[in-house]
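Reminder, nothing fancy here: chain letters follow the sequence lines and each chain counts from 1.
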Number of protein chains: 2
Amino acid sequence: MKALGEILAELSKGGFRITRARRSIIEVLLNTHLPLSAEGLLESLERRRVPANKTTVYREITFLKERGIVQEIQFLHERVKRYEVVFGSHHHHLICMGCKRVEDVELEGELEKYEREIMKSKGFKVLNHTLEFMGLCEGCR
Amino acid sequence: MKALGEILAELSKGGFRITRARRSIIEVLLNTHLPLSAEGLLESLERRRVPANKTTVYREITFLKERGIVQEIQFLHERVKRYEVVFGSHHHHLICMGCKRVEDVELEGELEKYEREIMKSKGFKVLNHTLEFMGLCEGCR
DNA sequence: ATATTAATGCAACTTAGTTGCAACAGTCAA
DNA sequence: TTGACTGTTGCAACTAAGTTGCATTAATAT
């Protein structure tokens with residue numbers, strides 16, 4: 001995972017401005033590390049005394065997505081989309097149906113085996129995937 | 001996958017009514033077999049001359065979900081939810097980013113290995129999962 | 001044939017996200 | 001440090017997807 005400075009330097013070099021809102025949004029996403037919804041992001045900004053408009057938040061998310069800095073996640077049990085800073089390694093989520101908390105998991109070996117299988121049997125080239133597990137966490141079982 | 005008659009008999013036995021809308025919705029979902037959105041379902045009904053209100057469609061989907069007859073799918077690249085009849089065996093989807101078509105895949109061996117791993121390392125009991133692959137189909141590559 | 005109540009349709013509403021446009025504010029160069 | 005350039009923001013109004021309350025309709029058992 002990248003550090004704040006690195007991300008800001010990259011953007012700056014690209015000719016983009018480091019505004020108060022932009023810096024704070026990236027900070028919040030780096031610090032929570034569990035996926036936040038646009039509304040959650042808005043609230044976090046308010047708590048930090050960096051009030052922002054929801055339009056700004058949505059536009060900033062779009063901007064950061066386009067640059068591969070954040071990624072969008074859609075949990076099946078929710079209506080809203082969530083966002084998190086892209087990690088070096090691809091990972092997945094464990095969603096507890098009891099307490100609704102979300103944990104990360106990294107899976108060893110990943111799904112490459114399946115992706116090869118799919119290529120062979122269907123001629124379909126996999127470029128990306130989503131995988132989320134729903135269940136009960138240790139505390140809620 | 002269940003046949004129409006079986007599903008209807010089951011519902012009838014449960015004290016639910018077999019209305020024109022209900023029967024048609026189940027028929028459409030059985031026949032398309034690829035996941036349909038609520039709006040798509042509405043259009044299919046119109047083509048069959050069984051006009052239904054969108055409220056009815058949403059309520060029927062909820063009803064069929066609660067009874068384990070249909071399941072809801074959320075593709076990452078879309079805003080809408082989609083619905084399909086639950087198959088005997090769990091399967092996943094290949095979403096072509098070119099033509100937007102969706103194919104089914106069944107994966108051999110499934111993700112049980114990962115589910116056991118998650119149980120061991122995190123104490124998290126997996127009850128369900130979603131897995132979708134995004135990429136390019138044979139025709140679009 | 002009729003009573004019961006599940007299912008429906010309508011209109012009004014909510015929630016999540018988007019758009020156009022005028023105003024504002026980082027950044028660079030002088 | 002000042003200004004000019006243009007990227008960024010906020011507002012208000014909008015769209016799309018889905019939900020709700022309530023009065024009406026229509027499957028079904030008797």
Side-chain angles (χ1 to χ4, degrees), chain A residues 4-5 7-28 35-46 48-67 69-83, chain B residues 7-28 35-46 48-67 69-83:
Chain A
L4 179 65
I7 295 174
L8 295 181
E10 198 185 307
L11 292 177
S12 197
K13 214 165 52 183
F16 303 105
R17 295 177 185 171
I18 309 307
T19 63
R20 220 157 126 50
R22 174 162 293 159
R23 163 183 273 111
S24 297
I25 287 171
I26 299 172
E27 272 174 18
V28 167
L36 268 184
S37 64
E39 216 203 310
L41 198 38
L42 214 49
E43 284 164 13
S44 290
L45 291 172
E46 219 144 272
R48 289 179 165 236
R49 307 288 152 98
V50 186
N53 187 277
K54 77 173 174 162
T55 309
T56 302
V57 166
Y58 280 112
R59 283 202 277 234
E60 192 58 28
I61 287 166
T62 305
F63 174 87
L64 294 171
K65 267 196 300 182
E66 281 166 3
R67 266 139 212 100
I69 294 166
V70 311
Q71 72 186 117
E72 188 174 88
I73 298 155
Q74 173 71 248
F75 293 134
L76 188 62
H77 68 294
E78 292 190 327
R79 189 133 134 199
V80 296
K81 303 213 180 228
R82 294 182 171 270
Y83 307 91
Chain B
I7 295 175
L8 294 181
E10 197 186 307
L11 292 177
S12 197
K13 213 166 52 183
F16 303 104
R17 296 176 184 171
I18 309 307
T19 62
R20 218 157 126 51
R22 173 161 294 158
R23 162 184 273 111
S24 295
I25 287 171
I26 300 172
E27 272 174 17
V28 166
L36 267 184
S37 64
E39 216 204 308
L41 198 38
L42 214 50
E43 284 164 13
S44 290
L45 291 172
E46 218 145 273
R48 288 177 165 238
R49 304 288 154 100
V50 187
N53 187 277
K54 77 175 174 162
T55 309
T56 302
V57 166
Y58 280 112
R59 283 203 276 237
E60 192 57 28
I61 287 167
T62 305
F63 173 87
L64 295 171
K65 268 196 299 181
E66 280 166 3
R67 265 138 214 102
I69 295 166
V70 311
Q71 71 186 115
E72 187 176 271
I73 298 154
Q74 174 70 249
F75 294 134
L76 188 62
H77 69 293
E78 291 190 328
R79 186 131 135 206
V80 297
K81 304 214 180 226
R82 294 181 171 270
Y83 308 91

note: F16(B), atom CZ; dA6(C), atom C1'; distance rounded to Å ~ 9 Å
Closest of dA17(D), dT9(D), dG18(D) to the T19(A) side chain is dT9(D)
Side-chain atoms of I18(A) come closest, of dT27(C), dG17(C), dA17(D), to dT27(C)
T55(A) has its side chain closest, among dG18(D), dC22(D), dA12(D), to dA12(D)
So that I can tick it off, tell me whether R67(A) and E10(A) are bridged by a salt bridge, with the cut-off set at under 4.0 angstrom between side-chain N and carboxylate O. no
Assert: residue with more 5' nearest nucleotide on DNA chain D, out of G15(A) and K81(B), is G15(A)
Here the distance between atom P of dG18(D) and atom CZ of F63(B), to the nearest Å, is 20 Å
Checklist entry - Do R17(B) side-chain and dT5(C) base share a donor-acceptor contact under 3.5 Å? => result yes
R79(B) has its side chain closest, among dG7(D), dT15(D), dT5(C), to dT15(D)
Looking only at dG17(C), dT8(D), dT9(D), the nucleotide nearest the R59(A) side chain is dT9(D)
Here the distance between atom C1' of dT15(D) and atom NZ of K54(A), to the nearest Å, is 11 Å
To the nearest 0.5 Å, atom CD1 of I7(A) lies from atom CG of L64(A) at 8.0 Å
ask   = Contact class for R20(A) (heavy atom, under 4.0 Å): base, sugar-phosphate, or nothing?
value = nothing
Tested for salt bridge (Lys or Arg N to Asp or Glu O under 4.0 Å) against E60(A), the lone hit among K65(A), R22(A), R20(A), K54(A) is R22(A)
To the nearest angstrom, the CG-C1' distance between N53(A) and dG10(D) comes to 5 Å
